[in-house]
Amino acid sequence: MNFDYTPEQVELRKTVREFAQAEIAPQVMEWDEAQTFPLEVIRKIGELGYMGTIFPEELGGAGLGYIDYSIVIEELARVDPSVGLIVAAHTSLAANHIYSMGSEEQRRRYLPRLARGEWIGCWSLTEPEAGSDAAGTRSTALRQGDSWVLNGSKTFTTNAHHADVCVAMAVTDRGAAQHGISAFIIDKDTPGFRLGRKENKLGMRASATGEVIFENCRLAGSQLLGRQGEGFVDSLKVLDGGRISIAALAVGTAQGAYDEALKYSKQRKQFGRFISEFQAIQFKLADMAAGIEAARLLTYRAAWMKDRDQRVTKEAAIAKLFASEVAVRVAGEAVQILGGYGFIKDYRVEKFYRDVKLCTIGEGTSEIQRLVIARQLLK
Ligand SMILES: Cc1cc2nc3c(=O)[nH]c(=O)nc-3n(C[C@H](O)[C@H](O)[C@H](O)COP(=O)(O)OP(=O)(O)OC[C@H]3O[C@@H](n4cnc5c(N)ncnc54)[C@H](O)[C@@H]3O)c2cc1C
């Protein structure tokens, strides 16, 4: 076994960390308060190659793997989890669905601009009545001659209101259950495609989450993504990779909260001593650090396997479950260590505390991760 990052990965971490400090940190609270989507910064991340970290260079990507991708997401989340989420949904859901299941023509048409961040992608599986039970999709796609006609609506789509390209799942054969759902690529200016409500959220407020609506939205036959009827099964494979990025998002968020709490504990004095001298605070810091380290190892192990084309259904779900639950605890303890100041928006832990909860919900709740893991164990 080898736990070392390569020199290139060490350099990558340094580059993303410096970028996040310089370009993101000064604006984080402003974006959060106003729910501003940081388009300019996303374009810059694209110029650096990190909107397509995992895609080959000939398709506009950085030609790197999931370990590198996890480093990118972790370092962005350490400063602003919203930015990490925007990049993760774009990369491992929308763009990766096209990369993994798309035809050569679809890859060439969409990947280069997505990977360079010139286009933003969103991925729509969830519906108002089909959340954890995503196979309960109600949106439909009817074949009419050479075209597909989509009707229905999707909820909670990350990046929806800023996306140029949407990958969405719709029922093409109601009788075929899980094998009757297909994936489609929709360009934002397709007639019949429109955006609905944009959600007002607890956290991750700079990442737009919203509704996508199809009203007799007519697509050319060539917009079918992957095999007809296999869109749901393909989505589960896409989510295996996506969950590694949500685990990395959780690790980065936890690290950001822990860093603030550690620093504060060495500056704040009560009873004539720094609070870091109290064993109660030391034990909190120790538990936080232990949790983060374990979560990071699980995340990078899943990423390492994915880079070797191994199946990661169980490992990605374990990493996502563990990292997100740890991160929620770490952010809570960080607020506790800052006392009243942890509750105030001038200190960054307040925002980490709000943002982190999404990690136990998005791309499958913790309960669903347990179902996925148990299914693999009992197979
Ligand atoms: C900020 C944000 C961004 C998102 N981005 C996207 C996106 O880009 N694309 C997309 O498609 N979706 C996205 N989602 C949707 C997300 O994946 C769903 O919210 C999630 O899968 C849960 O679905 P639900 O909200 O309908 O909850 P429900 O499925 O209604 O679950 C409610 C509760 O019941 C539990 N539960 C449900 N079924 C079971 C079961 N069988 N056993 C035990 N417990 C169960 C759940 O764990 C949860 O605690 C996003 C959500 C949010 C909040």
Side-chain angles (χ1 to χ4, degrees), residues 89 92-94 96-103 105-106 110 121-160 163 165-188 190-197 199 209-243 313 317 361-365 367-369 371-372 374-376 379:
S92 40
L93 298 182
N96 191 47
H97 199 144
I98 298 175
Y99 175 66
S100 307
M101 315 298 171
S103 64
E105 196 191 326
Q106 288 169 334
Y110 291 102
C122 70
W123 191 80
S124 298
L125 177 64
T126 307
E127 296 188 359
E129 303 300 326
S132 299
D133 181 15
T137 294
R138 295 187 176 179
S139 294
T140 55
L142 278 183
R143 185 98 210 191
Q144 284 189 358
D146 284 344
S147 321
W148 290 98
V149 179
L150 268 63
N151 277 292
S153 70
K154 297 282 176 180
T155 192
F156 293 152
T157 296
T158 300
N159 297 342
V165 179
C166 175
V167 172
M169 275 42 79
V171 176
T172 44
D173 179 357
R174 179 86 51 207
Q178 295 200 350
H179 294 280
I181 296 173
S182 305
F184 296 89
I185 310 175
I186 304 112
D187 297 321
K188 73 168 179 194
T190 309
F193 174 79
R194 72 176 174 88
L195 299 164
R197 172 194 165 92
E199 304 296 344
T209 311
E211 197 182 11
V212 161
I213 298 166
F214 308 107
E215 285 166 340
N216 291 322
C217 176
R218 186 174 291 274
L219 302 175
S222 58
Q223 297 307 97
L224 174 73
L225 174 60
R227 281 174 34 220
Q228 185 178 331
E230 295 305 309
F232 177 72
V233 176
D234 288 348
S235 292
L236 299 185
K237 293 180 192 153
V238 167
L239 282 169
D240 283 347
R243 284 172 184 153
T313 304
I361 297 169
E363 299 201 25
T365 61
E367 291 75 18
I368 295 305
Q369 301 314 304
L371 285 184
V372 171
R375 250 180 234 139
Q376 294 297 316
K379 231 172 33 177

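Side-chain contact of S124 with T157: a donor-acceptor pair under 3.5 Å is present, judged by distance alone.
Atom CG of D187 and atom CG of L219 lie 8.5 Å apart (nearest 0.5 Å). Expressed to the nearest 0.5 Å, how far OG of S235 lies from CG of D240 amounts to 11.0 Å. Remark: I181 CD1 to Q228 CD distance equals 12.5 Å, nearest 0.5 Å. Taking CD of E129 as the start and OG1 of T137 as the end, the distance is 11.5 Å to the nearest 0.5 Å. Between the CD1 atom of I361 and the CD1 atom of I368 there is a distance of 12.5 Å, given to the nearest 0.5 Å. Between the CG atom in L142 and the CG atom in L150 there is a gap of 9.0 Å [rounded to 0.5 Å].
When all heavy atoms of G192 and C217 are compared, the closest pair comes out as O-CB, 3.5 Å. Closest heavy-atom contact between G242 and S92: CA-OG, 3.7 Å. Here the closest heavy-atom approach between residue A89 and residue N159 is recorded as CB-ND2, 4.1 Å. Residues S153 and P128 approach most closely at O-CD, 4.0 Å, considering heavy atoms. When all heavy atoms of T190 and R218 are compared, the pair lying nearest together is CG2-O, 3.5 Å.
Formation of a donor-acceptor pair under 3.5 Å by the Q178 side chain with backbone atoms of V233 is not found in this model. Side chain of K154 to main chain of L125: a donor-acceptor pair is present (N/O by atom type, distance under 3.5 Å, no hydrogens or angles). Side-chain atoms of N151 come within 3.5 Å of backbone atoms of N216 as a donor-acceptor pair (strictly under, hydrogens ignored). A donor-acceptor pair is defined here as one N or O able to donate and one able to accept, closer than 3.5 Å; no such pair exists between the side chain of E230 and the backbone of R227.
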### Query
Would I98 and V165 satisfy side chain to side chain contact (heavy atoms under 4.5 Å, CB included), going step by step from the backbone distance to the final call?
CA-CA 11 Å; I98 298 175; V165 179; 4.3 Å; yes
### Message
side chain to side chain contact (heavy atoms under 4.5 Å, CB included), that's the test. Do F214 and I186 meet it? Break it down for me.
### Response
CA-CA 10 Å; F214 308 107; I186 304 112; 3.8 Å; yes
### Steps toward side chain to side chain contact (heavy atoms under 4.5 Å, CB included) verdict (T155, E199)
CA-CA 9 Å; T155 192; E199 304 296 344; 4.3 Å; yes
### Message
Is there a side chain to side chain contact (heavy atoms under 4.5 Å, CB included) between V238 and W123? Walk through the geometry before answering.
### Response
CA-CA 10 Å; V238 167; W123 191 80; 4.2 Å; yes
### Query
Under the salt bridge (charged side-chain N to carboxylate O under 4.0 Å, His left out) criterion, do R194 and E215 qualify, and how do the steps go?
CA-CA 8 Å; R194 72 176 174 88; E215 285 166 340; 3.2 Å; yes
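Contact annotation: the side chain of I185 approaches that of Y110 to within less than 4.5 Å [non-hydrogen atoms, C-beta and beyond]. At a threshold of 4.5 Å between non-hydrogen side-chain atoms, the residues H97 and L225 count as touching. Residues L93 and L239 are in side-chain contact: their nearest non-hydrogen atoms beyond the backbone lie under 4.5 Å apart. Side-chain contact between R243 and V372 is present, with heavy atoms from C-beta onward closer than 4.5 Å. The shortest distance between side-chain heavy atoms of W148 and Q223 does not fall below 4.5 Å. Using a 4.5 Å cut-off on side-chain heavy atoms (C-beta onward), M169 and F232 make no contact. At least one side-chain heavy atom of T140 sits under 4.5 Å from a side-chain heavy atom of R174. L224 has its side chain within reach of F184: a pair of non-hydrogen atoms, C-beta onward, lies under 4.5 Å apart.
Heavy atoms from other residues, nucleotides or ligands lying under 6.0 Å from CZ of R143 number more than 12. Atom CD of E105 has 12 or fewer neighbouring heavy atoms from other residues, nucleotides or ligands inside a 6.0 Å radius.
In summary, R138 and E127 do not engage in a salt bridge, as defined by a charged side-chain N under 4.0 Å from a carboxylate O.
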